Amino acid sequence: MSEKAPAAVGPLEEFVYDDAIVRKFLLATMVWGVVGMLVGLIIALQLAVPSLSFGQSFLSFGRLRPLHTNAVIFAFAGNAIFTAVYYSTQRLCKTRMWSDTLSKLHFWGWQLIIVSAALTLPLGITQSKEYAELEWPIDLAIAVVWLGFFGTNFLMTLVKRRERHIYVAIWFYIASLVTVTMLHVFNNVWVPAGIVHLLKTGDMPSAELMFKSYPVYAGVQDAFMQWWYGHNAVAFFLTTPFLGLMYYFLPKAADRPVYSYRLSIVHFWSLVFIYIWAGPHHLHYTALPSWASSLGMLFSLMLWMPSWGGMINGLLTLRGAWHKVAADPVLKFYVIGVTFYGMSTFEGPMLSIKTVNSLSHYTDWTIAHVHSGALGWNGFMTFGMIYWLAPRLFQTTLKSQKLVAAHFWTGTIGMLLYIIPIYVAGITQGLMWRAFDKSGSLAFPDFVDTVMRLMPFYWARVVGGALYFSGVVIGIYNIFMTWKTRPAVYEVPMQRAPALAKRYTPGADEHSASRVTAVAGTGHALDRFTQAAWHRRWERLPMRFTLYTLIAVVVASLFEIIPLYAIKSNVVTISSVKPYTPLELAGRDIYVSEGCYNCHSQMIRPIFAETERYGEYSKAGEFVYDHPFQWGSRRIGPDLAREGGKQANWWHLLHFNNPRDVNPRSIMPVYPNLLRGKLNFEDIQGRVHAMAMLGVPYGDAVNNAPEMAREQARLVAEETLLQAGGYAQMPADLWQKLNGGVPASKEEAIEALAGRKVTAVIAYLQRMGTDITKTEAE
Amino acid sequence: MFASLEVNSLAIYPELGLLIFFGVFVAVSIRALRKPRSEISTCARLPLDETTPGVDDTKQERSSDR
């Protein structure tokens, strides 16, 4: 390109690339990949062998599953994205990153966030919004590191670039930066309960309360916000940056330009524009207005086209180079990666069709879908990139091509062994939930029957996951051995490129004056427009390009968010729905903290099989005080929306102590920590204050929440003891946990039980879904 | 303002969304198709033409077990 437009360039400059930072991100990618996938393997095993939580709360499924998802998304895929961005942006812009300090702050800041996630999630410090679980102090850190360090550094690098054109990979990076910022900010608007407590009372809150926050959104709105976020996190964290990666590293590895650059332009704009609209497809048949989910479905179906445009563009880049694919393991990884991109972006739109969704939703089908995306697309694109980069970054030869091939095959086979059984599991369970026998009643009324049917598939998943994981371990070993043969001092080749001229004068070849003068009036304007002069101007000014990308995503978001606020006025207010009592609120917060939503939904869809199984379907008005919503996305256990009154307190107590005692085939984890753990009644005041600040009409409780909670806890405890047939009838090992020994009197027994976390959770469970029946009674 | 929105009037959203998208799509497609060929090929080659001539930072990949 240097032979073009020589008049438009400045003086020749010398510079070097910062590859040290790329090496850091690459190693972090591998390390966190192992951690995230290992946790995945552990929780897969726990579903087959529930005792593998060893009675430890920090090892229970509900707490580890968010750790798994956050680790693979933000730590593994996140560091992979940064590896790709830092390597390719410098080269595509012919400049070093703008600030080495910001690069380092970004790297260490991001790793610190990951470490704090790894510490807080197992401790039950969570907001419970899927892939946005991290609590508010970490949210703030993410905003600073992502936008302040990474965003500033990246955008300033574009401003200082020496290459006039901005390559399509960088467009995808820009879209990711802008949109993820927007999603993160709007889905994380909360009130920190500890701070509120401090301001209202002047008392120092407990550490637990300090970390606790409530989202300003409740119920339907919160769900809408969350899945606007959740869906687009998949789009702009797991798709667009990886498409940038594909558009850069695939042509490099194949040593040929992308198949169609024109197609990549259309791919970019239609993808960025359509993706945002599709969020509501996560909420079909919920208490969301049906036109909103139709909107989600429509745009999801449309999304198929640009996605496949991208896949075709990627695969056709290899046209005439398939002999290279056979020989080059890097290209093999890319071919499988891009193919899985095509498969999951076909499946996604299919799952958004309401009738398909009514079967697939809440089942393992969704899990299979996300793993074909994560293992196939994100994983394989990352490994392809790593194997291509390692010899270049470590300035040596790759230790072993055979091991790369071994990784490729174990990964591919492992992936298929994971995904296929889990598809079957999902469809099987979905069909069992809706099966009726000849008499017209549910064929499998006992939920556990539908769980037991999945066990062989769960074991197959463990095997598949273990294979995929061992592939990654082989990869780590290979990269580590490669790294060991690095030179004592890395060579830093000097680069030379002319600076960009201050003013851009388009080359004659790019702006055919003859064509412009040949047409007049509107034709002239159209011609200028379609000749893309405007777009070239954007390309020179990344700030403006960034702005227009932002407009595209904001317009689409408004189409979702305006209705979101309109919903508020449309939620049929159910007069009998009242705020949770202080004790129930505390119990609900424990439910959130334990991550029960990872296995239990709280949303009964208006589908006959569901109302038969669980009772009256859920209404939007029932959730107006739910900060945050707890609708869940997967039913490993039964829906709990109408749990209130279904079981006795006593049953719940035994069930939490060990679910297998009351339901021998249950795969729910044990929760001895709820029996041992003392409820902090003083904290409840802060929780109520924060909720009241969000507009929940708490009345008297604003002043004496702890007393009210104590009073209710005693009532719940008394009732529980009564159901047990008296405290003396209860097993000694229960009292060991509840009281450190069998109590000497009834009063001591009541006091002990009333003071434990389990009582608050039981109070909450007994309240769930009961308000609406009060209307009927009245 | 939002409070005045009715559920029924919101039902137009999917149609409106579709229209807006269609407009954007057509504009982008026309523009992409009419971009000068020279510029397209310049852009497409950007990842391949990035190193300074004579400076080799892409070492030939070869492994020790071959």
Side-chain angles (χ1 to χ4, degrees), chain A residues 1 4 17 88 91-92 94 163 165 167-169 247-248 251-252 255-258 261-263 265-266 269-270 273-274 277 289 291-292 294-295 298-299 302 388 391-392 395 397-402 493-497 509-510 512 529-532 535 552 555 559 562-563 565-566 569-570, chain B:
Chain A
M1 85 253 90
K4 286 197 341 233
Y17 294 137
S88 60
R91 283 159 173 85
L92 286 169
K94 295 198 170 64
E163 167 58 55
H165 295 290
Y167 183 63
V168 63
Y247 276 118
Y248 180 80
K252 283 213 86 96
D255 198 24
R256 52 185 56 220
V258 63
Y261 197 78
R262 292 182 209 274
L263 182 56
I265 298 174
V266 180
W269 285 107
S270 26
F273 195 82
I274 299 180
W277 304 72
W291 65 264
S294 297
L295 178 80
L298 181 70
F299 274 84
M302 285 159 57
W388 187 86
R392 291 166 174 85
Q395 299 178 1
T397 51
L398 203 58
K399 168 73 181 165
S400 162
Q401 294 284 351
K402 282 196 189 114
M494 187 63 74
Q495 309 288 335
R496 255 166 255 106
D509 59 312
E510 290 182 22
S512 89
F529 172 79
T530 57
Q531 280 207 31
H535 192 264
V555 166
F559 265 72
I562 292 175
Y565 281 90
S569 50
N570 287 319
Chain B
M1 166 207 163
F2 295 147
S4 64
L5 286 171
E6 294 277 317
V7 186
N8 292 338
S9 71
L10 286 169
I12 196 175
Y13 265 59
E15 287 92 331
L16 206 61
L18 196 61
L19 258 162
I20 295 180
F21 167 72
F22 194 67
V24 170
F25 182 77
V26 168
V28 168
S29 303
I30 294 178
R31 190 182 58 69
L33 285 174
R34 297 201 56 181
K35 258 192 161 187
R37 178 162 297 168
S38 58
E39 187 186 341
I40 287 287
S41 61
T42 304
C43 287
R45 291 203 61 82
L46 280 177
L48 304 175
D49 297 345
E50 65 196 8
T51 49
T52 309
V55 176
D56 176 25
D57 80 336
T58 51
K59 288 240 159 73
Q60 196 52 47
E61 200 176 331
R62 196 159 293 134
S63 72
S64 42
D65 65 359
R66 277 211 182 162

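Labels below follow one simple rule: chain letters A, B, ... track the order of the sequence lines, proteins then strands, and each chain is numbered from 1. Since this is a predicted model, take the numbers as computed values, not measurements.
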Report task. Calculate, to the nearest 0.5 Å, the distance between atoms CG and NZ belonging to L46(B) and K94(A) respectively. Result ->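 If I round to the nearest 0.5 Å, the distance is 6.5 Å.
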Closest approach of [X] and [Y], non-hydrogen atoms and distance?
X	Y	value
P47(B)	K252(A)	O-NZ, 2.7 Å
R45(B)	P257(A)	NH1-CD, 3.8 Å
V266(A)	V28(B)	CA-CG1, 3.8 Å

Query raised in the report: For K35(B), does its backbone N or O pair with a side-chain atom of R262(A) as donor and acceptor, under 3.5 Å?
Result: yes
Requested in this report: Could you look at F273(A) and say if it's the side chain, the backbone, both or neither that has a heavy atom under 4.5 Å from chain B?
Outcome: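 Side chain only.
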Requested in this report: Step by step, work out the side-chain contact (heavy atoms from CB on, under 4.5 Å) result for F25(B) and M302(A).
Outcome: CA-CA 11 Å; F25(B) 182 77; M302(A) 285 159 57; over 6 Å; no
